[in-house]
Structure formats: C-alpha cells, structure tokens
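Here the structure is laid out as structure tokens; the discussion comes afterwards.
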Amino acid sequence: MPSKKALVRRPSPRLAEGLVTHAERQKVDVGLATEQWEAYVEALRAHGWEICEVEGADDCPDSVFVEDTVVLFRNVALITRPGSASRRPETAGVEEAVAGLGCSVNWIWDPGTLDGGDVLKVGDTVYVGRSGRTDAAGVQQLRAAFEPLGARVVAVPVSKVLHLKSAVTALPDGTVIGHIPKMDRPSLFPGFLAVPEESGAQVLLLGGHQLLMAASAPKTAELLTDLGYEVVTVDIGEFEKLEGSVTCLSVRLRELYA
Ligand SMILES: NC(=O)NCCC[C@H](N)C(=O)O
C-alpha cells in the first residue's frame, strides 16, 4: 500500500524572528501559533495521515515551515539548500528523518539554492519557481535529480511572492489554481482556474476530494465547495504573518512502500 505519512516540525520558540520578505512585519504570538500548529496537525491526523514529527530545531525561527527543506519525487527525497542562509541548518534533522523512513536521499549542492515551497507536483509534471529563494543552478539540479525518474520539469518565473506555491497549487484532478495578481505567467499552466484570494491559491490535498485550506480564504472555499470538493479549514493566521501557508507546514510522503 502507498504510504500516507506527513512530516511536521514543532514551531521554534524563536518563531517570531522568522523571515519576512514580501509582507510587513507583524508581531507573532508564539503560544497561539503553537495552538494553531497543533490544530493543523490534528486535521491531518483526522484525515488518515500518520504524523512523523521531525526533531525540533529550536534555534531556527523558520523551521516549522518544513516543506522548504525537502522535495519528494517517488521514493527520492531531495534535500534542499534553502535560498536564505539562515534556514540552511534546518535540513540536517529532516535528512535524518526521511532517511529513517526509507527514502533514497539526494541533495541540492552549493552553489545551487532551492526552497521546497517553489516546487509544485501535478502528476509527473514538476513546476519549479525561479524565485528569490530558488536560483537557476537549483532549477538545473532539480532537473538532473528528477528527470531520470520520469519527471517533466517546468521552470516558472516568480517575482511577486515568496515561493511558487504562495500563489499557485493544484486540485486533485490536476487543475492548477492560482491568484492571478500574484502570478508572473498564468499562461504557463494548462487547465488553470483563477481564485479570488491570495491564500485561496494554497490548497493541501488530504486525499480523495478533501482539501485543507486556510480559514482566511472563505470565497475560494465556497468556490471549491461548489465544485464538489470537501473543504476543511484551519486558522493559521500566525504563520501567514510570516508568509507561511497550509502547504509549507508539512511534507506528505505518498509513494513510500513500507
Ligand atoms: N513553503 C513556504 O511557503 N514557506 C514559507 C516560509 C516562510 C518563512 N518565513 C521564510 O521566509 O522562509
């Protein structure tokens, strides 16, 4: 049976010092953030995901955004080299965790940089944002790692938001959804549906027709419910202040056979 495991990482006590790039800095309540994180993890668990908690990285303010540290394709875990040097110490614990789960491990090497938030998989197509965090060498290394495994890698310019997946994700049927004002090139995506809210562009697939979304995108939730999806919402407001979203708080491992 394919796996249904999700990696998560508890927020650092230093979360409030996390990076802010495109947003204005707002005060983050670490206690409230931790409660929101626990509810997020519970929502995954309630939908059948086995939770694998990576050992905390208390000195790394952004370590809760575990998605940025590793990209999965088939059973290969590509350990990233985050574009922000302050986030690079986050990868060691994640590498240990995915190796322990039976993944084959590969790496993005210096001088390449790549953040997992820039990688969107739709079937065998892997879209990769060329963003402020992911550079051309990172894109090349991602191609070299995944094309031999059968991936079709499509590079996408990203200049208006932190990561590709800040503005674009995909529905279970492969329809790409995005918030056009935050996208550089909507025309790169076939089968595209525009959504009315920035955080509405970020959906996490729970399995079947169930989607996890942030509570901050009620109009998009209504649109997707009307299309026959079951939308589960969580309040992740403290993480949104740091440019985080529902996708970046976990890494789902669906193709491990254990
Ligand atoms: N994949 C994601 O959307 N990650 C969010 C990372 C937010 C963090 N404050 C950062 O700037 O790296």
Side-chain angles (χ1 to χ4, degrees), residues 6-30 33-34 36-37 40 44 54 56-72 77-91 93-94 108 113-121 126-135 138-139 142 156 158-170 177-179 182-183 197-205 212-214 216-217 234 236-252:
L7 287 188
V8 296
R9 198 172 214 176
R10 187 167 284 280
S12 153
R14 293 179 55 192
L15 175 71
E17 298 164 50
L19 297 167
V20 172
T21 310
H22 293 265
E24 294 223 343
R25 182 168 290 280
Q26 298 176 59
K27 198 170 172 343
V28 171
D29 178 336
V30 181
T34 304
Q36 291 177 347
W37 179 82
Y40 171 93
L44 291 181
V54 180
D58 285 1
D59 286 338
C60 299
D62 284 303
S63 51
V64 70
F65 303 115
V66 66
E67 166 183 64
D68 293 320
T69 57
V70 61
V71 179
L72 270 292
L78 181 62
I79 304 297
T80 67
R81 184 165 178 273
S84 166
S86 69
R87 297 200 57 188
R88 292 188 192 143
E90 295 176 26
T91 59
V94 172
I108 297 288
T113 65
L114 183 131
D115 277 16
D118 277 316
V119 181
L120 170 66
K121 287 177 287 179
V126 178
Y127 294 100
V128 54
R130 167 64 186 91
S131 70
R133 297 285 176 85
T134 296
D135 67 7
V139 172
L142 180 89
V156 182
V158 174
S159 67
K160 301 178 185 177
V161 281
L162 183 63
H163 291 129
L164 173 64
K165 278 193 283 187
S166 309
V168 182
T169 57
I177 63 169
H179 188 55
K182 297 291 178 181
M183 296 173 71
E197 293 144 319
E198 183 173 349
S199 61
Q202 302 145 2
V203 298
L204 182 140
L205 309 188
L212 187 68
M213 292 183 60
S216 56
V234 281
I236 52 160
E238 295 310 292
F239 301 105
E240 290 176 323
K241 291 177 182 172
L242 295 166
E243 295 172 80
S245 68
V246 282
T247 63
C248 59
L249 294 171
S250 61
V251 176
R252 284 151 306 128

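The figures that follow rest on heavy atoms only: side chains count, while hydrogens, waters and symmetry mates do not. Order of listing sets the numbers, starting from 1, for every ligand and every atom in it.
Although no hydrogens or angles enter the test, the distance criterion places a donor-acceptor pair under 3.5 Å between the side chain of K241 and the main chain of K27. Counting only distance, with no hydrogens or angles, the side chain of Q202 and the backbone of S166 share a donor-acceptor pair below 3.5 Å. Between the side chain of Y40 and the backbone N or O of V246, at least one donor-acceptor pair lies under 3.5 Å.
The protein non-hydrogen atom at the shortest distance from atom 5 (C) of ligand 1 is E243 O, 3.5 Å. The protein non-hydrogen atom at the shortest distance from atom 4 (N) of ligand 1 is D68 OD2, 2.8 Å. The single protein non-hydrogen atom nearest to atom 2 (C) of ligand 1 is C248 CB, 3.0 Å, given as residue, atom name and distance. For atom 8 (C) of ligand 1, the closest non-hydrogen atom of the protein is D62 OD1, 3.1 Å.
Residues forming a side-chain contact (heavy atoms from CB on, under 4.5 Å) with A201 (at least two apart in sequence, or on another chain): H179, V195. For T113, the side-chain contact (heavy atoms from CB on, under 4.5 Å) criterion is met by R81, R88, D135, not counting sequence neighbours.
Considering backbone and side-chain atoms together, F65 places no N or O closer than 3.5 Å to any N or O of ligand 1. Note: an N/O pair closer than 3.5 Å links R87 and ligand 1 by distance alone.
Numbered from 1 in the order shown, with element, the atoms of ligand 1 that lie under 4.0 Å from a heavy atom of L162 read 6 (C), 7 (C), 10 (C), 11 (O). Heavy-atom contacts of H163 reach the following atoms of ligand 1: 1 (N), 2 (C), 3 (O), 4 (N) (cutoff under 4.0 Å). Near E67, with a cut-off below 4.0 Å to any heavy atom, the atoms of ligand 1 are 1 (N), 2 (C). Short contacts between ligand 1 and R133, defined as distances under 4.0 Å to a heavy atom of the residue, involve ligand atoms 10 (C), 11 (O), 12 (O).
For atom 7 (C) of ligand 1, the nearest non-hydrogen atom from the set L249, L242, V64 comes from L242.
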R9/E90 under salt bridge (Lys or Arg N to Asp or Glu O under 4.0 Å): CA gap, chis, key distance, verdict: CA-CA 10 Å; R9 198 172 214 176; E90 295 176 26; 5.1 Å; no
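Put simply, the side chain of H163 does not reach to within 4.5 Å of the side chain of V119, judged on heavy atoms.
The shortest non-hydrogen separation linking L19 to S84 is CD1-OG, 3.2 Å.
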